[in-house]
Amino acid sequence: MACSGTEFGTTYKPRVTLAAVGSAPTRCASAEFTSERLGSGVMLVGVRGEIDLFSAPGFRDYVCTRISPEGQFILDMSKVDFIGTAGLSVLDTVHATNVRDGRTWAMICGRPVYRLLRAAGQESSFPCFASVDSALGAWHGRTA
């Protein structure tokens with residue numbers, strides 16, 4: 001499934017008001033989302049709180065509107081306290097979208113995210129890094 005506002009044939013309205021890049025955080029149910037541009041072409045999206053059945057649609061909408069056709073994308077999940085299977089579905093969508101479009105992306109995994117990926121047998125399916133710096137360093141190492 002691509003990033004969109006239609007799921008299972010039902011159209012829904014986003015639960016978040018999308019903030020401009022680098023502006024105040026956007027809250028959705030029990031989660032908070034932020035975004036900022038790091039240098040040329042790198043978008044950093046931060047997620048804090050709980051990604052569950054209620055916040056997953058807002059999480060998907062927020063992240064999918066921040067993915068740019070050009071440039072690189074980092075999803076910082078290091079401040080997520082809980083993530084359920086609805087969040088895993090969003091991560092699958094984000095990963096598929098980035099792979100399909102040939103975009104370089106990375107995910108910063110905190111313990112709850114890594115535990116879910118491990119439980120689902122998908123810990124090696126995503127480009128996980130320990131920090132934003134390590135993701136940027138890995139990208140720089142490939143292009144140097």
Side-chain angles (χ1 to χ4, degrees), residues 1-19 21-39 41-142:
M1 173 170 65
C3 290
S4 71
T6 304
E7 185 173 17
F8 305 112
T10 303
T11 302
Y12 64 91
K13 296 197 185 277
R15 295 182 186 196
V16 295
T17 301
L18 302 177
V21 173
S23 66
T26 297
R27 287 177 172 70
C28 174
S30 57
E32 180 178 289
F33 315 111
T34 59
S35 60
E36 66 179 289
R37 191 161 300 280
L38 303 176
V42 178
M43 177 61 72
L44 173 66
V45 173
V47 182
R48 175 188 301 263
E50 300 177 356
I51 303 300
D52 55 20
L53 187 61
F54 299 108
S55 60
F59 171 46
R60 180 187 57 236
D61 292 344
Y62 190 88
V63 170
C64 289
T65 60
R66 297 310 187 269
I67 297 173
S68 171
E70 67 281 337
Q72 299 165 317
F73 177 76
I74 299 175
L75 182 59
D76 185 353
M77 305 281 289
S78 64
K79 293 185 173 99
V80 169
D81 300 318
F82 170 83
I83 183 168
T85 56
L88 182 60
S89 176
V90 174
L91 295 178
D92 285 336
T93 298
V94 169
H95 182 65
T97 300
N98 282 299
V99 168
R100 179 195 68 215
D101 295 343
R103 187 175 307 103
T104 302
W105 84 288
M107 184 166 61
I108 312 308
C109 296
R111 185 169 186 231
V113 175
Y114 186 75
R115 286 184 71 203
L116 176 64
L117 295 176
R118 190 176 65 220
Q122 294 185 347
E123 67 268 29
S124 62
S125 300
F126 294 90
C128 294
F129 292 87
S131 69
V132 171
D133 288 340
S134 63
L136 292 171
W139 291 343
H140 180 70
R142 276 193 255 158

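Please read all numbers here as calculations on a predicted model, not as lab measurements. Along the sequence shown, residues are numbered consecutively beginning with 1.
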Checklist entry - Looking at side-chain heavy atoms only, is the closest gap between Leu38 and Val132 below 4.5 Å? => result yes
Checklist entry - How close do Phe59 and Gly87 get, heavy atom to heavy atom, and via which atoms? => result CE2-O, 4.3 Å
Next on the checklist: Can you give me the closest heavy-atom contact between Phe73 and Arg103, atom names plus distance?
Outcome noted: CB-CD, 4.4 Å
Checklist entry - CD of Gln72 to CD1 of Ile67: how many Å apart, nearest 0.5 Å? => result 13.5 Å
Checklist entry - If we only count heavy atoms from C-beta on, is the Cys128 to Met107 side-chain gap below 4.5 Å? => result yes
Item to check | Nearest heavy-atom neighbours spanning Ile108 and Ala130 | outcome: CG2-O, 3.6 Å
Item to check | Closest non-hydrogen atom pair between Leu117 and Cys109, with its separation | outcome: CD1-SG, 4.1 Å
Next on the checklist: Return the OG to OH distance between Ser55 and Tyr62, rounded to the nearest 0.5 Å.
Outcome noted: 14.0 Å
Checklist entry - What's the shortest heavy-atom distance between Met43 and Glu36, and which atoms? => result SD-O, 3.4 Å
Next on the checklist: Less than 4.5 Å apart, side chain to side chain, heavy atoms only: is that true for Val63 and Leu75?
Outcome noted: yes
Checklist entry - Taking all atoms of both residues into account, what is the closest heavy-atom pair of Gly84 and Leu116, and its distance? => result O-CD2, 3.4 Å
Next on the checklist: Run the side-chain contact (heavy atoms from CB on, under 4.5 Å) test on Asp76 and Thr34 for me, step by step, so that the C-alpha distance in whole Å, both residues' side-chain angles and the decisive distance to 0.1 Å come before the verdict.
Outcome noted: CA-CA 10 Å; Asp76 185 353; Thr34 59; over 6 Å; no
Checklist entry - Parallel, tilted or perpendicular for His95 and Trp105, by the 30°/60° rule? => result tilted
Checklist entry - Do Arg118 and Tyr114 meet the cation-pi criteria used here (NZ or CZ under 6.0 Å from the six-membered ring centre, within 45° of the axis)? => result no
Checklist entry - Do Ser89 and Asp92 have side-chain N/O donor and acceptor atoms under 3.5 Å apart? => result no
Checklist entry - Between Cys64 and Thr97, is any pair of side-chain heavy atoms under 4.5 Å apart? => result no
Checklist entry - Looking at side-chain heavy atoms only, is the closest gap between Val42 and Trp139 below 4.5 Å? => result yes
Checklist entry - Does the side chain of Ile83 come within less than 4.5 Å of Leu91's, by heavy atoms? => result yes
Next on the checklist: Using modelled atom types and a 3.5 Å cut-off, is there a donor and acceptor pairing between side-chain atoms of Ser30 and backbone atoms of Glu50?
Outcome noted: yes
Checklist entry - For Asp133 and Ser131, does a side-chain donor sit closer than 3.5 Å to a side-chain acceptor? => result no
Next on the checklist: Do Gln122 and Leu88 have side chains that approach each other closer than 4.5 Å (heavy atoms only, starting at C-beta)?
Outcome noted: yes
